[in-house]
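See structure below.
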Amino acid sequence: MHKEQTISGDEYICKAFFTTSHLMLALLDRDFNFIKVNKAFAEADNRSEESYVGKNFFDLYPDKEREAVFKKNAANGDTCTDYEKPFVYPGKSEDKVIYCDYSLQPVNDPDNRIIGLFLCMIDVTRRKKASDRILGITKQFQSVLEDNPISISFKNLRHEYDTVNDTKADFFGLPSNEIIGKTDSQLIDSDLSVQIRTKEESVIKTGKPIWTEECYIGNGGEKSCQSTMIKPWRNENDEIIGTITFGTNITKHKEWEEYIRKLAHFDELTGLPNRTLLMDRLKEALKRCRREEDRLALLFLDLDGFKAINDTMGHSSGDELLKLVAERLKRSVRETDTVARLGGDEFIILLEAINDDHDAVPIAEKILKEIGKPFLIKDENKFISTSIGISLYPKSADSEEELIKKADIAMYGAKESGRNRYKFFEFEMDVRVNLRLKTEEKLRQALENDEFELFYQPQISVPAFFPDHSVIIYNRENRDFYALHPQRARDFATLIKMPQEAFFGEYFLGDMNLKQVYHLPPELINEAHFKGMVSNFKELSFFEGKAVAPHGNSGMDKYSNNPAKTVCVEALIRWRQSDKNNNEKIEYLSPKEFILIAEDSGLIVPISEWVLKTACRQNKIWQDMGLPPIIIAVNISGRHFRSKRLIDSVSTALTASELRPGFLKLELTENIARPEEGKENDQFIVKLRELNSMGVKLSIDDFGTAYSSLRSLADLRGKKLISELKIAQEFIKDITIDDGLKNIVRTIIEMGRALQMKIVAEGVETQNQLELLRFMGCETVQGYLFSIPLQADKCTEYLKEETLNDGD
């Protein structure tokens with residue numbers, strides 16, 4: 001996942017300096033090939049910045065003498081500087097020759113290896129002409145001295161400042177009159193002043209100029225650097241009377257150089273070592289381990305639940321979380337250990353000099369504990385965990401890449417075992433990973449070879465069981481409901497002689513007002529004259545009328561005016577397989593066997609798009625056949641919903657099939673449907689609004705299986721974005737025998753009805769489950785009681801048969 005990266009204010013300044021500086025700046029690799037140039041460098045030769053990339057410096061600007069000097073210094077890792085050297089642009093006339101000051105600085109990594117070269121060129125043609133005339137032309141000298149952006153200073157033989165221009169004074173941060181007459185030892189760090197004095201004495205003694213760099217901390221605490229040339233100061237008799245210093249402020253150049261070094265070896269967001277630096281340190285650690293027969297451990301970490309926070313709260317919150325995680329990881333290890341970020345939400349920890357393979361365990365346990373604590377993000381406590389894979393040298397592998405690979409495999413093992421734990425690499429894990437990789441490759445081929453097929457399972461609209469004038473009896477002891485058949489309601493009223501205090505009036509279930517609800521003591525209910533008249537609701541023996549067949553819907557009970565009918569079918573993907581022993585026999589894999597691999601690999605998006613197109617096309621075929629219009633429901637994965645392709649995918653599927661949007665329903669799992677409260681521009685809300693404006697219906701699938709904010713749910717309904725809740729089938733399975741599940745389902749139904757949302761129960765397999773759900777007020781169900789998932793042609797026959805039965 002792309003994450004926005006941030007750099008510090010100083011690094012922004014460095015970047016701006018490189019881009020806007022009037023100095024000609026270029027970043028080269030070790031072979032003097034251009035990596036990047038700034039605008040000033042390109043404009044000097046009337047070229048574009050992009051045209052330099054990949055070209056060799058000496059191919060563009062041949063100069064044998066310069067080439068020899070540059071290459072010699074670069075090979076030795078020395079800084080190469082030269083001043084007032086002619087620079088000829090090929091193809092230009094001789095009068096276009098310019099003079100430049102050069103600075104070629106090697107860029108080193110933390111191990112002092114050269115990884116690149118930084119070239120700074122300053123057009124000093126004007127300065128050279130001025131300096132050539134400066135000794136004999138006093139008036140012109142003064143003008144040049146004051147207006148020159150180069151710092152210029154004159155010192156006498158006692159090393160006291162005689163003259164300084166404004167640029168030099170600004171460099172010191174002092175007015176000129178506080179500099180004149182003083183030596184460097186009175187103005188700057190004593191060690192640096194000694195170095196400068198030594199170089200000046202050499203110039204006075206030899207009469208030859210010296211080039212140098214000076215960096216010191218000014219009065220304001222800021223670091224300043226200059227690239228300087230110290231020349232002899234001669235009088236009209238050519239006698240040396242002191243020194244002249246020309247200096248260029250290279251502070252930003254040095255900062256940019258440091259930024260380039262950090263960019264090459266450190267993660268911009270967290271400041272942790274990146275993969276490049278990690279590999280260098282791991283390589284050196286392995287050399288030491290082999291030499292000293294020592295051990296090391298590598299911990300591969302992947303955050304659990306990071307994507308949900310990143311997607312729901314935004315990338316800025318995700319970045320803040322990653323920085324906090326990095327701080328906790330550094331606190332969890334020794335100073336000698338390396339904590340690195342590979343990218344995304346993946347981290348690696350290198351533990352050196354361990355005495356035993358299990359020395360990594362206390363650190364892994366400490367990390368799990370630290371990451372498990374809440375993170376304060378935007379004034380909210382957020383919780384995540386991490387899965388850790390551990391590889392060991394020499395037990396698991398003996399090379400850098402293999403150690404990382406084995407730790408990565410072990411991390412996936414930790415995730416498969418339930419997350420929030422650590423796992424050591426075991427060689428059996430390789431087999432599972434290879435199987436996973438093979439499955440992923442087969443999935444890619446399945447898309448190309450059209451091996452997927454959709455099955456369709458009907459959703460049935462059934463009337464809630466509350467016929468008029470029925471009597472509902474409530475057992476106060478065991479809190480069970482009993483129902484009296486409507487035909488026997490009059491007999492019951494005549495038979496029973498109830499005291500006034502036994503009658504408690506009306507009972508409310510959801511928004512349904514049940515009339516004539518009696519709260520009776522158990523001894524009265526159990527009396528013999530009630531047997532056969534009052535039936536236990538669990539047994540449902542009082543329901544007469546025709547039962548609904550498992551693969552059909554021949555109607556509900558004879559007291560219902562609205563028979564059951566199909567209002568929607570859910571599209572369910574299957575992976576078509578040939579039997580290994582019989583090529584003509586076809587087997588189908590359910591999504592449980594491949595959908596998680598599709599999610600992790602990113603294949604879920606093209607697979608979901610195929611499902612959308614196929615489902616919409618099939619629904620349009622049914623409509624064109626003259627069948628009653630129904631809705632087609634398609635499950636949308638979290639990864640597909642978060643992708644930028646979602647809206648286009650839906651629009652393309654509807655357009656290609658010519659299906660009206662109102663006949664498409666998208667089912668979102670509960671963990672997707674969690675917008676950031678109070679944020680109208682939350683990406684989740686934005687996408688729901690777009691889908692809603694298209695006319696597509698939206699439902700929350702598997703409701704009750706994940707954490708949901710009821711406030712968010714109410715907001716979604718209030719915005720008219722979500723209109724349906726689908727109760728997960730694990731709640732329905734034991735609803736007739738588990739009072740806890742019964743109460744959960746009743747609560748979900750009552751909550752949904754209070755929010756005026758449609759309720760669908762899936763996994764309905766028995767008549768008792770159906771009638772209990774009807775009694776609770778659920779009027780749409782799905783499950784094997786009505787139909788198993790059907791192939792397209794069989795579902796067509798199912799819908800045709802239902803249409804014929806409705807006609808009868």
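Across every non-hydrogen atom of Thr780 and Cys778, the tightest pair is O-SG, 3.3 Å. For the pair Cys616 and Ala653, the tightest heavy-atom approach, listed with the atom from each and the gap, is CB-O, 3.9 Å. Residues Ala761 and Ile732 come closest through the heavy atom pair CB-CD1, 4.0 Å. Closest approach of Thr803 and Leu627 over heavy atoms only: OG1-CD2, 3.9 Å. When every heavy atom of Gln623 is checked against every heavy atom of Ile630, the shortest pair comes out as NE2-O, 4.3 Å. Among all heavy-atom pairs drawn from Arg574 and Pro789, the shortest one is NH2-CG, 3.8 Å.
Expressed to the nearest 0.5 Å, how far NZ of Lys565 lies from CG of Leu799 amounts to 13.0 Å. To the nearest 0.5 Å, the span separating CG on Leu691 from CD1 on Ile722 amounts to 9.0 Å. A distance of 10.0 Å separates CD1 of Ile749 from CD of Glu779, quoted to the nearest 0.5 Å. With values rounded to the nearest 0.5 angstrom, Ile604 atom CD1 is found 3.5 Å from Ile595 atom CD1. Arg645 CZ to Ser608 OG: the interatomic distance, rounded to the nearest 0.5 Å, is 10.0 Å. Distance check, rounded to the nearest 0.5 Å: CG of Leu646 to CD of Glu609 gives 9.0 Å.
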_Assess the residue pair Leu447 and Leu443 against the criterion (side-chain contact (heavy atoms from CB on, under 4.5 Å)); give the C-alpha distance rounded to whole Å, side-chain angles, the decisive distance to 0.1 Å, and a yes or no._
CA-CA 6 Å; Leu447 266 175; Leu443 277 173; over 6 Å; no

*Output, in order, the C-alpha distance, side-chain angles, deciding distance and verdict of side-chain contact (heavy atoms from CB on, under 4.5 Å) for Gln577 and Tyr588.*
CA-CA 6 Å; Gln577 308 274 301; Tyr588 291 92; over 6 Å; no

*Evaluate side-chain contact (heavy atoms from CB on, under 4.5 Å) for Phe703 paired with Ile759, printing each intermediate quantity in order.*
CA-CA 10 Å; Phe703 186 78; Ile759 306 296; over 6 Å; no

*Might you work through the side-chain contact (heavy atoms from CB on, under 4.5 Å) test for Leu664 and Leu612, ending with a clear yes or no?*
CA-CA 9 Å; Leu664 173 63; Leu612 268 171; 4.2 Å; yes

*Just do the ring-ring contact (aromatic ring centres under 6.0 Å, His included) check on Tyr456 and Trp622 with the steps written out, would you?*
CA-CA 12 Å; Tyr456 303 90; Trp622 286 329; 5.2 Å; yes

_Derivation of the salt bridge (charged side-chain N to carboxylate O under 4.0 Å, His left out) call for Glu724 and Lys726_ = CA-CA 7 Å; Glu724 179 182 278; Lys726 195 172 182 183; over 6 Å; no

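Around CD of Gln791, the count of heavy atoms belonging to other residues, nucleotides or ligands within 6.0 Å exceeds 12. Within a 6.0 Å sphere centred on NZ of Lys794, heavy atoms belonging to other residues, nucleotides or ligands number 12 at most. No more than 12 heavy atoms of other residues, nucleotides or ligands lie within 6.0 Å of NZ in Lys697, so this atom counts as exposed by the packing criterion. Heavy atoms from other residues, nucleotides or ligands lying under 6.0 Å from NZ of Lys620 number more than 12.
At least one side-chain heavy atom of Phe641 sits less than 4.5 Å from a side-chain heavy atom of Leu688. Contact check for Val611 versus Asn635: no side-chain heavy atoms found under the 4.5 Å cut-off. Within the 4.5 Å cutoff, the side chain of Glu762 has heavy atoms near those of the Asp701 side chain. In this structure the side chain of Leu668 never reaches within 4.5 angstrom of the side chain of Ile700, judged on heavy atoms. Contact of the Tyr798 side chain with the Thr566 side chain is registered, since non-hydrogen atoms from C-beta on lie closer than 4.5 Å. Looking at heavy atoms from C-beta onward, Leu454 lies out of side-chain contact with Gln618 at the 4.5 angstrom threshold. Side-chain contact between Ile788 and Phe455: absent, with no pair of heavy atoms (C-beta onward) separated by less than 4.5 Å. In this structure the side chain of Ile735 reaches within 4.5 angstrom of the side chain of Leu773, judged on heavy atoms.
For the pair Arg617 (side chain) and Ala656 (backbone), a donor-acceptor distance under 3.5 Å is absent. A side-chain donor-acceptor contact under 3.5 Å links Asn743 to the backbone of Asp739. A side-chain donor-acceptor contact under 3.5 Å links Ser643 to the backbone of His640. At least one donor-acceptor pair under 3.5 Å links the side chain of Asn619 to the backbone N or O of Phe663. Here the side chain of Thr652 pairs a donor or acceptor atom with the backbone of Asp648 at under 3.5 angstrom. Judged purely by atom type and a 3.5 angstrom limit, Arg421 uses its side chain to pair as donor or acceptor with the backbone of Arg419. Counting only distance, with no hydrogens or angles, the side chain of Gln769 and the backbone of Lys733 share a donor-acceptor pair below 3.5 Å. Proximity of a side-chain donor or acceptor of Gln457 to a complementary backbone N or O of Ser787 within less than 3.5 Å is detected.
Judged purely by distance below 3.5 Å, without hydrogens or angles, the side chains of Lys378 and Ser317 pair a donor atom with an acceptor atom. Using modelled atom types and a 3.5 Å distance limit, the side chains of Asp304 and Ser387 yield a donor-acceptor pair. Side-chain contact annotation: Gln459 with Gln782, donor-acceptor N/O pair under 3.5 Å present.
Applying the side chain to side chain donor-acceptor pair (under 3.5 Å) rule to Arg660 yields no partners; only residues at least two apart in sequence or on another chain are considered. The ring-ring contact (aromatic ring centres under 6.0 Å, His included) search around Phe383 returns none, not counting sequence neighbours.
Under the side chain to side chain contact (heavy atoms under 4.5 Å, CB included) rule, Lys665 has a single partner from Val634, Val696, Ile631, Ile632, which is Ile631.
Ring-plane geometry between Phe594 and Phe452 is classed as tilted, the angle between the planes lying from 30 to 60 degrees on a 0 to 90 degree scale.
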